[in-house]
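Encoded as structure tokens, the structure appears first; notes follow it.
We number each residue from 1, following the sequence as shown.
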Amino acid sequence: KPEIRENNWIPLDLSDFILLGLLGHSRAQQFLFGMVLTIAFMALVGNALMILLIQWDLRLHTPMYFLLSQLSLMDAMLVSTTVPKMAADYLTGIKSISLAGCGLQIFFLLTLGGGECFLLAAMAYDRYVAVCHPLRYPMLMNWPLCLRMTMGSWFLGAADGLMQAVVALSFPFCSRREIDHFFCEAPTLVRLACADTSVFENVMYICCVLMLLVPFCLILTSYSLILAAVLHMGSTEARKKAFATCSSHVAVVGLFYGAAIFIYMRPKSYRSAHHDKVVSAFYSILTPMLNPLIYSLRNSEGAFRNWLGKTHAM
């Protein structure tokens with residue numbers, strides 16, 4: 001029997017879920033929807049330009065910029081995982097998502113989010129070596145190590161995503177299959193289960209600790225050592241250069257980890273569907289737009305201008 005969703009008759013498979021979405025249809029929220037689409041478009045274009053710039057400019061063929069290109073790739077994929085489905089649901093009113101579609105969203109979100117956690121730790125190590133051991137940089141941060149760290153980031157993220165997606169979808173779900181979110185997220189989906197999920201929630205919490213806090217501690221250690229080294233530099237110009245190089249990465253780390261820890265590591269009693277949706281939009285849409293802006297302004301400005309100049313000359 002078809003169900004009525006927002007004054008539209010929509011045939012709904014009994015195994016499907018309903019995504020309630022991020023915004024309603026008032027005039028103000030329609031304006032916010034337009035802003036979300038604009039931010040998502042800017043995120044896709046910005047990260048695509050960052051990848052193309054790094055590929056185009058031979059001076060940027062270094063481990064640091066290779067890691068940055070991988071971050072841009074993850075950010076572009078993260079936006080593509082959530083925004084197209086959210087926009088289609090909002091415009092058509094058909095808010096159903098299949099069990100397989102929900103599992104794919106969970107898998108890709110955790111793969112990209114978890115991979116980004118470890119990739120940011122690899123980037124922090126790269127900055128530590130560049131600032132604290134500049135003469136040994138070619139040996140301590142060589143290409144084989146850079147590739148291994150990148151592949152390890154993708155693999156660990158995918159392993160976590162696959163495990164959580166498979167287990168989350170293995171639970172029996174109640175007849176009310178409404179997900180108060182604009183995409184399928186494991187913590188939100190598990191609330192609909194008609195079974196004891198305490199063991200899975202505890203395991204998921206441990207996974208979040210490993211995926212978030214371990215890389216975060218490595219990042220804090222790296223930047224503590226960088227700060228100590230910078231404070232001992234005799235040259236004011238060297239201090240400014242070191243701070244300028246690292247400040248962009250610190251800003252990105254703060255934005256990403258702050259939102260991720262808020263979503264995945266809060267006690268269950270403090271969870272709010274509204275807050276979860278807002279913060280999820282922040283780390284899955286807004287942060288991917290800010291990352292290329294932050295890095296390009298700090299690190300790639302000269303190369304970006306050269307690329308634009310060559311494009312206009314052609």
Open item on the list: Determine whether a donor-acceptor pair (N or O, by modelled atom type, separation under 3.5 Å) exists between the side chain of S98 and the backbone of G101.
Closed with: yes
Task: Intermediate values then yes/no, side chain to side chain contact (heavy atoms under 4.5 Å, CB included), F66 and W143 - done: CA-CA 10 Å; F66 176 77; W143 277 108; 3.7 Å; yes
Task: Closest heavy-atom pair and its distance - M211, G114 - done: CE-CA, 3.5 Å
Open item on the list: Once you measure the plane-to-plane angle for F173 and F17, does it fall in the parallel (<30°), tilted (30-60°) or perpendicular (>60°) bin?
Closed with: perpendicular
- [ ] Apply side chain to side chain contact (heavy atoms under 4.5 Å, CB included) to the pair F200 and S170, showing each step before the final yes or no.
- [x] CA-CA 11 Å; F200 172 68; S170 67; over 6 Å; no
- [ ] Find the distance between CE (M74) and OG (S153) and round it off to the nearest 0.5 Å.
- [x] 5.5 Å
Task: Shared hydrophobic cluster for M123 and L290 (ILVMFWY, side-chain gaps under 4.5 Å) - done: yes
Open item on the list: How long is the straight-line distance from NZ of K277 back to OG of S284, given to the nearest 0.5 Å?
Closed with: 13.0 Å
Open item on the list: With a 4.5 Å cut-off on side-chain heavy atoms, are L169 and L189 touching?
Closed with: yes
Task: Test item: H61 side-chain N/O and Q55 main-chain N/O as donor-acceptor pair under 3.5 Å - done: yes
- [ ] Please report the C-alpha distance between I39 and L286 in whole Å, then the side-chain angles of each, then the deciding distance to 0.1 Å, and finally whether the side chain to side chain contact (heavy atoms under 4.5 Å, CB included) criterion is met.
- [x] CA-CA 7 Å; I39 291 171; L286 183 62; 4.2 Å; yes
Open item on the list: Let me confirm one number: the CG-CG distance from L192 to D180, rounded to the nearest 0.5 Å.
Closed with: 9.5 Å
Open item on the list: Is there a side-chain contact between E116 and L71 in this structure, where contact means two heavy atoms from C-beta onward sitting under 4.5 Å apart?
Closed with: yes
Open item on the list: With heavy-atom distances below 4.5 Å as the criterion, would you say the side chains of T111 and F107 are in contact?
Closed with: yes
- [ ] Over all heavy atoms of both residues, which pair between L212 and A260 is shortest? Give the atoms and the distance, please.
- [x] CD2-CB, 3.7 Å
Open item on the list: Has Y257 got a side-chain atom pairing as donor or acceptor with C117's backbone, closer than 3.5 angstrom?
Closed with: yes
Task: Nearest heavy atoms of F171 and A193, plus distance in Å - done: CB-CB, 3.8 Å
Open item on the list: Same cluster or not: V253 versus L210, using hydrophobic residues (I, L, V, M, F, W, Y) connected whenever any side-chain heavy atoms lie under 4.5 Å apart?
Closed with: no
- [ ] Would you check if I179 and C184 make a side-chain contact, meaning some heavy-atom pair closer than 4.5 Å?
- [x] yes
Task: K95 side chain to I18 backbone, donor-acceptor under 3.5 Å - done: no
Open item on the list: So, taking the atom named CZ in F41 and the one named CD1 in I285, what distance separates them when rounded to the nearest 0.5 Å?
Closed with: 15.0 Å
Open item on the list: Restricting to non-hydrogen atoms, name the atom on Y137 and the atom on M64 that form the minimum distance, rounded to 0.1 Å.
Closed with: OH-N, 3.9 Å
TODO: Taking T81 for its side chain and Q105 for its backbone only, find out whether a donor-acceptor pair lies under 3.5 Å.
DONE: no
Open item on the list: Using modelled atom types and a 3.5 Å cut-off, is there a donor and acceptor pairing between side-chain atoms of N47 and backbone atoms of A43?
Closed with: yes
- [ ] Might you work through the side chain to side chain contact (heavy atoms under 4.5 Å, CB included) test for L78 and L109, ending with a clear yes or no?
- [x] CA-CA 7 Å; L78 188 62; L109 284 165; 3.6 Å; yes
- [ ] Flag the pair Y125 / L140 as yes when at least one side-chain heavy-atom distance between them is below 4.5 Å, and no otherwise.
- [x] yes
Task: W154 with F108, same ILVMFWY side-chain cluster at under 4.5 Å - done: no
TODO: Find out if a path of hydrophobic residues (ILVMFWY) with successive side-chain heavy-atom gaps under 4.5 Å connects F282 to L293.
DONE: yes
Task: Spacing of L99 atom CG and R177 atom CZ [to the nearest 0.5 Å] - done: 7.0 Å
Task: Side-chain touch Y128/H133, heavy atoms, less than 4.5 angstrom - done: yes
Open item on the list: Just verifying a value: how many Å separate L162 CG and I106 CD1, rounded to the nearest 0.5 Å?
Closed with: 11.5 Å
Task: Nearest atoms (heavy-atom pairs only) where A88 meets T92 - done: O-OG1, 2.6 Å
Open item on the list: Tell me whether N142 contacts the main-chain N or O of M139 through its side chain, where contact means a donor paired with an acceptor under 3.5 Å.
Closed with: yes
Open item on the list: In this structure, would I54 and M149 fall into the same cluster of hydrophobic residues linked by side-chain contacts under 4.5 Å?
Closed with: yes
TODO: Quick one: closest heavy-atom pair of L67 and D126, and the distance?
DONE: CD1-CB, 4.3 Å
Task: Close side-chain approach of Y90 to Q30, heavy-atom, < 4.5 Å - done: yes
Open item on the list: Do V45 and M42 have side chains that approach each other closer than 4.5 Å (heavy atoms only, starting at C-beta)?
Closed with: no
